[in-house]
Amino acid sequence: MMTIDIITVVPDLLDGPFSHSIMKRAQDKGLLMVRTHNLRKWAINKHAQVDDYPFGGGAGMVLMCEPLANAIEELQQSTVYDAIIYMTPDGKTFDQPMANQLSMQQNLLIICGHYKGIDQRIRDQFVTMEISIGDYVLSGGELAAAVVVDAIGRLIPGVLSDETSALTDSFQDNLLAPPVYTRPADFRGMKVPAILLQGDPKKVEDWRFEQSIERTKTRRPDLFKED
Ligand code: ADE
């Protein structure tokens, strides 16, 4: 069972993403446990304060050291984390190899920033990995954490009913996935490629591979340049 703990100031944002479909099934099957922790539980005063103005001035608030350190240390008392991840636009850009690697870990702790981020000393002292989901800024790390947990969760062995289906995803071999079709074979005069209807698995496989290469060449030529 993989455990993912998430520290956030907006736990409600994470109620939805893991309660449906494949993420729900992963948890129902006992393969994944996602727990969200409200940072305000570790607030420094009765006003539930967890953030403060930045030293040196400037716009926005910063999540304070004390609540975060106390939250992390309390969670560490019952769980040894393989990685403590901070979601941030200045982190390493998330990709399929990172998802693959993280899906092999046992216990992860994810910290979601909000406002202007978290005090640098928490990053220096506790965080072992910083992840961005792309070159754009979200209002908090929660949606980014949901993306990462989803990408990891579906890779845990046994989560997808057909275990090979993650292997044929786009990016697993630096190729985009081929087009897919289902019934009807003729929709408003638009026909499904004949090869898919002929029942020759070898021909289908070759066709899909060609289509993958073609798609990758036209849509993502950069993927060909890698490794
Ligand atoms: N928090 C705000 N923007 C983010 C991004 N692009 N990736 C990860 N966390 C973020």
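All ligand and atom numbering here is 1-based and tracks the order in the structure. In this text, all values refer to a predicted model and were calculated from it rather than measured experimentally.
- In this structure Asp5 satisfies the salt bridge (Lys or Arg N to Asp or Glu O under 4.0 Å) test together with Arg35, sequence neighbours excluded.
- Pocket lining of ligand 1, defined as residues with a non-hydrogen atom under 4.0 Å away: Met87, Thr88, Pro89, Ile131, Ser132, Ile133, Gly134, Tyr136, Val137, Leu138, Gly140, Gly141, Ala144.
- For the side chain to side chain contact (heavy atoms under 4.5 Å, CB included) with Val148, the lone residue among Ile4, Leu108, Ile131 that qualifies is Ile131.
- Taking Ile, Leu, Val, Met, Phe, Trp and Tyr as hydrophobic and joining them when side-chain heavy atoms fall under 4.5 Å apart, one finds Leu197 in a cluster with Tyr181, Val192, Ile195, Leu196, Val204, Trp207.
- Under the side chain to side chain donor-acceptor pair (under 3.5 Å) criterion, the residue pairs touching residues 62-78 are Trp42-Glu74, with sequence neighbours excluded.
- The shortest heavy-atom contact between Gly158 and Lys29 is O-NZ, 2.7 Å.
- In this structure, Asn174 and Thr216 approach most closely via the heavy-atom pair O-CG2, 3.9 Å.
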